[in-house]
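Below: one structure, written as structure tokens.
Just so you know, these numbers come straight off a predicted model, no measurement behind them.
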Amino acid sequence: MRKYSRVFKYLADYKSSIGRYLVTVMLSIVFSVLSLAMLFPFLQLLFGVNQAPGAQAKSSGNPVMNWVNQQLNSLITNGDPYYALGVVCVMIIVSIFLKNLFLYLSSRTLGPIKNSIVNRMRIEMYEKILRLPVSYFTEQRKGDLMSRMTNDINEIEGSVIGALEGWVKDPMAILINLGVLFYISPKLTLFILICL
């Protein structure tokens, strides 16, 4: 844990960029869930469920699903079922596009943070090596010093990105997906969690 605390010390200077990263990651997760949720109306239209004239959607306990079914039925009864299918397809494409856009923006936000931290670490390492006494260089191997200045800092760069993705992005994705699943069907979600 001490290793991560030293890395997080470098992240403290980039609070606004990390805030932007959190927002873009959260929006990419939300649009990812939305794109998957739009598959239900797509499959419902594709396989002809509730397309008979005057057929009413089966009411469920979830207000979101009731609203989607109501909108879907109004599209089908007021117009062509193919038009409704086209609307659902466009909504899926737009949500997938927005998910990928926000995923790209999160990577784009994380890049300068990563580069700034690595640059700062290299400068600190260089200044430390300049302050060392000459006797240090006669006792130590030069290849070991060069390896520490290049390879070890590259490993730290990977740990900075891994820390942000592993401690921020993945738990946020799990929490948002679980929240949506609980909202859609609490009983089924609890059953799946118990079975795991």
Side-chain angles (χ1 to χ4, degrees), residues 1 3-46 60-72 75 84-121 153-193 195-196:
M1 190 67 187
K3 294 177 186 176
Y4 281 113
S5 65
R6 290 179 70 182
V7 171
F8 286 139
K9 177 186 74 173
Y10 289 101
L11 291 173
D13 298 336
Y14 305 99
K15 290 179 183 173
S16 64
S17 297
I18 292 173
R20 277 195 314 264
Y21 173 74
L22 290 174
V23 169
T24 54
V25 163
M26 190 164 40
L27 286 173
S28 73
I29 294 168
V30 166
F31 282 110
S32 174
V33 170
L34 183 64
S35 66
L36 288 174
M38 288 308 299
L39 288 177
F40 175 71
F42 173 76
L43 294 174
Q44 190 176 14
L45 279 169
L46 195 62
S60 69
N62 190 336
V64 174
M65 296 308 292
N66 288 337
W67 182 81
V68 167
N69 282 332
Q70 182 183 15
Q71 297 301 319
L72 200 58
L75 275 175
L85 186 62
V87 168
V88 171
C89 288
V90 167
M91 289 177 69
I92 291 172
I93 290 169
V94 167
S95 63
I96 289 173
F97 173 76
L98 289 174
K99 175 195 78 156
N100 289 329
L101 176 70
F102 285 115
L103 203 58
Y104 168 75
L105 289 175
S106 69
S107 297
R108 177 101 183 184
T109 304
L110 198 58
I113 296 173
K114 174 183 73 168
N115 293 336
S116 299
I117 289 172
V118 169
N119 188 29
R120 185 172 153 195
M121 285 181 175
I153 290 186
N154 287 338
E155 289 296 323
I156 292 173
E157 174 186 354
S159 71
V160 168
I161 300 303
L164 276 177
E165 288 182 347
W167 288 25
V168 174
K169 182 180 178 182
D170 296 338
M172 192 182 299
I174 291 170
L175 290 176
I176 289 175
N177 283 317
L178 274 177
V180 169
L181 289 175
F182 267 112
Y183 187 72
I184 290 173
S185 176
K187 291 179 185 177
L188 184 61
T189 306
L190 282 174
F191 177 74
I192 295 296
L193 288 176
C195 289
L196 291 177

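- Residues passing the side chain to side chain donor-acceptor pair (under 3.5 Å) test with Ser116: none are found, sequence neighbours excluded.
- Here salt bridge (charged side-chain N to carboxylate O under 4.0 Å, His left out) pairs that include residues 106-120, with residues two or more places apart or in two chains, are Asp13-Arg120, Lys114-Glu157, Arg120-Glu124.
- Using a 4.5 Å heavy-atom cutoff, the side chains of Leu193 and Phe182 are in contact.
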Self-check item: side-chain contact (heavy atoms from CB on, under 4.5 Å) between Leu34 and Leu98, intermediate numbers included
Solution: CA-CA 10 Å; Leu34 183 64; Leu98 289 174; over 6 Å; no

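- Between the side chain of Asn177 and the backbone N or O of Ala173 there is at least one donor-acceptor pair closer than 3.5 Å.
- Interatomic distance, CG of Leu175 versus CG of Asp170, reported as 11.0 Å (0.5 Å rounding).
- Checked against side-chain contact (heavy atoms from CB on, under 4.5 Å), Met172 has the following partners two or more places apart in sequence or in another chain: Leu22, Val25, Met26, Ile29, Val168, Ile176.
- For the pair Ser35 (side chain) and Ile96 (backbone), a donor-acceptor distance under 3.5 Å is absent.
- Shown here is Phe97, whose CZ atom has no more than 12 heavy atoms of other residues, nucleotides or ligands within 6.0 Å.
- With contacts defined as side-chain heavy-atom distances shorter than 4.5 Å, the pair Arg20/Ile113 does not qualify.
- Every residue meeting the side-chain contact (heavy atoms from CB on, under 4.5 Å) condition with Ser32, not counting sequence neighbours, appears here in chain and number order: Lys99.
- The side chain to side chain donor-acceptor pair (under 3.5 Å) search around Asn100 returns none, not counting sequence neighbours.
- With sequence neighbours excluded, the residues forming a side-chain contact (heavy atoms from CB on, under 4.5 Å) with Leu105 are Thr24, Leu101, Phe102, listed by chain and number.
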